[in-house]
Amino acid sequence: MPVPDDWPSTEAEALAEQRRLRALVEPSGPGLADGALVAGVDVAYDDDADLVVAAAVLIDSATREPVEEVTAVGRISFPYVPGLLAFRELPTVLDALAALRGTPDLVVCDGYGLAHPRRLGLASHLGVLTGLRTVGVAKTPFVFGYEQPGAERGAWSPLLDTGTGEEVGRALRTRRGVKPVFVSVGHRIGLAESVAVTLALAPDYRLPETTRRADSLCRRALADALAGPRRGDSGLVPRV
DNA sequence: GCGACAG
DNA sequence: ATCTTGTCGC
């Protein structure tokens with residue numbers, strides 16, 4: 001599946017697109033209902049092969065067991081520029097989500113939502129494009145500041161825009177004594193609800209089960225794609 | 001002007 | 001993101 005033909009190809013176009021979409025983010029909404037299906041999405045790259053592989057994993061929020069797993073392969077359509085990650089990752093992520101038979105009640109992204117220099121990280125961006133509810137769970141604080149949260153699981157502290165003092169997300173401890181994760185609102189969900197969801201999806205590991213599953217899946221799929229057409233493989237169905 | 005900088 | 005050995009701990 002190709003990249004949308006109106007997809008920004010320059011930084012100036014990308015910045016203009018962020019300006020346009022940021023006004024459409026809805027930063028509030030309820031948490032997870034019983035038996036809700038939560039999707040995890042993640043991406044793996046190989047710049048040399050010009051390959052990007054996205055994975056979408058649908059998980060039952062009650063059992064935390066996957067009910068569906070799909071992947072999508074694409075070409076790299078945008079360079080990595082901090083603050084413009086969505087333009088690099090989302091085209092293939094959208095393909096993966098489209099391949100899902102089920103519809104997620106929430107999508108957990110590997111990165112930020114409102115915790116973004118222009119308040120439109122990839123989680124919020126994905127939410128506005130699809131209308132799906134989204135949250136962002138990142139592994140590093142990006143450009144924001146925070147105080148160390150308490151050591152116990154569930155402890156959190158505000159993630160702050162050091163310029164404005166605004167709380168753009170939360171540093172959340174999902175495991176006792178382990179580095180916190182950084183949660184922010186994506187679309188159509190509140191911050192407290194985003195934190196509760198993240199905690200519920202990460203009972204045993206630092207990262208939510210959704211991102212753990214999506215991460216391992218897209219890595220495997222990328223390795224398969226690279227091993228892909230083997231020597232002697234014409235790519236055609238062999239005739240007798 | 002020079003770094004830092006989600007993945 | 002990705003490149004990478006061994007090591008400490010449950």
Side-chain angles (χ1 to χ4, degrees), chain A residues 3 8 11 14-15 17-18 21-22 25 40-57 71-94 96 107-128 134-146 153 159-163 166 168-172 175-187 191 194 198 203-208 210-227:
Chain A
V3 172
E11 293 194 18
L15 291 170
E17 180 72 344
Q18 289 187 334
L21 297 179
R22 61 182 293 186
V25 178
V41 293
D42 196 18
V43 170
Y45 306 93
D46 189 291
D47 292 280
D48 294 326
D50 185 32
L51 226 50
V52 45
V53 176
V57 178
T71 60
V73 182
R75 298 293 179 189
I76 296 179
S77 59
F78 206 90
Y80 170 64
V81 180
L84 299 179
L85 186 59
F87 299 95
R88 180 172 168 84
E89 303 213 331
L90 290 192
T92 316
V93 166
L94 290 169
V107 182
V108 178
C109 298
D110 195 354
Y112 282 116
L114 289 180
H116 177 276
R118 292 168 294 280
R119 303 295 179 270
L120 195 82
L122 73 162
S124 297
H125 196 139
L126 176 65
V128 170
T134 62
V135 307
V137 180
K139 299 180 287 296
T140 67
F142 198 13
V143 297
F144 303 105
Y146 69 101
R153 168 179 155 81
L159 185 64
L160 302 171
D161 182 312
T162 51
E166 179 185 358
V168 295
R170 286 176 185 172
L172 172 68
R175 290 201 67 188
R176 177 171 200 99
V178 172
K179 284 194 306 180
V181 296
F182 303 88
V183 180
S184 62
V185 166
H187 186 56
L191 183 53
S194 299
T198 302
D204 299 322
Y205 298 91
R206 178 166 89 114
L207 296 174
T210 36
T211 66
R212 297 187 68 246
R213 282 256 166 45
D215 178 74
S216 63
L217 178 56
C218 68
R219 288 191 199 219
R220 266 178 286 142
L222 176 62
D224 290 349
L226 292 173

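The sequence lines fix the lettering, A, B, ..., with proteins before strands; numbering per chain opens at 1.
Separating the CG atom in A:Asp204 from the CZ atom in A:Arg175 is a distance of 7.5 Å, to the nearest 0.5 Å. Considering CZ of A:Arg170 and OG1 of A:Thr198, their distance stands at 11.0 Å, rounded to 0.5 Å. A:Leu207 contributes atom CG, which lies 7.0 Å from atom CG of A:Asp110 (distance to the nearest 0.5 angstrom).
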Both distances under 3.5 Å, Watson-Crick or G-U wobble: on that basis, could you give the dot-bracket string for DNA chain B, with [ ] for crossing pairs and | for other-strand partners?
.......
Strand DNA chain C as a dot-bracket string - pairs counted if Watson-Crick or G-U with both distances under 3.5 Å, | where the partner lies in another strand:
..........
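Here A:Arg213 does not pair with A:Asp42 in a salt bridge; the nearest charged N to carboxylate O distance is not below 4.0 Å. In this structure, A:Asp224 does not pair ionically with A:Arg220, as no charged nitrogen and carboxylate oxygen lie closer than 4.0 Å.
A distance-only check finds a donor-acceptor pair linking the side chain of A:Gln18 to the backbone of A:Gly83 [under 3.5 Å]. Judged by distance alone, the side chain of A:Ser184 and the main-chain N or O of A:Gly113 form a donor-acceptor pair under 3.5 Å. Put simply, the side chain of A:Thr134 gets close to the backbone of A:His187: a donor and an acceptor are under 3.5 Å apart.
Between A:Gly186 and A:Ser124, the shortest heavy-atom distance links the atoms O-OG, 2.7 Å.
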Would you mind building the protein contact string for nucleotides 2-7 of chain B? One character per nucleotide, 5' to 3', B for base within reach (heavy atoms under 4.0 Å), S for sugar-phosphate only, - for untouched.
---BBB
Per-nt protein contacts along nucleotides 3-10 of chain C (heavy atom under 4.0 Å; B base, S backbone sugar-phosphate only, - none) come out as --------
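Between A:Leu222 atom CG and C:dT2 atom P there is a gap of 7 Å when expressed in whole angstrom units.
The side-chain heavy atoms of A:Val41 and A:Cys109, taken from C-beta on, include a pair separated by under 4.5 Å.
Scanning for ring-ring contact (aromatic ring centres under 6.0 Å, His included) contacts around A:Tyr45 gives an empty result, with sequence neighbours left out. With sequence neighbours left out, A:Phe87 forms a ring-ring contact (aromatic ring centres under 6.0 Å, His included) with A:Trp7, A:Phe78, A:His125.
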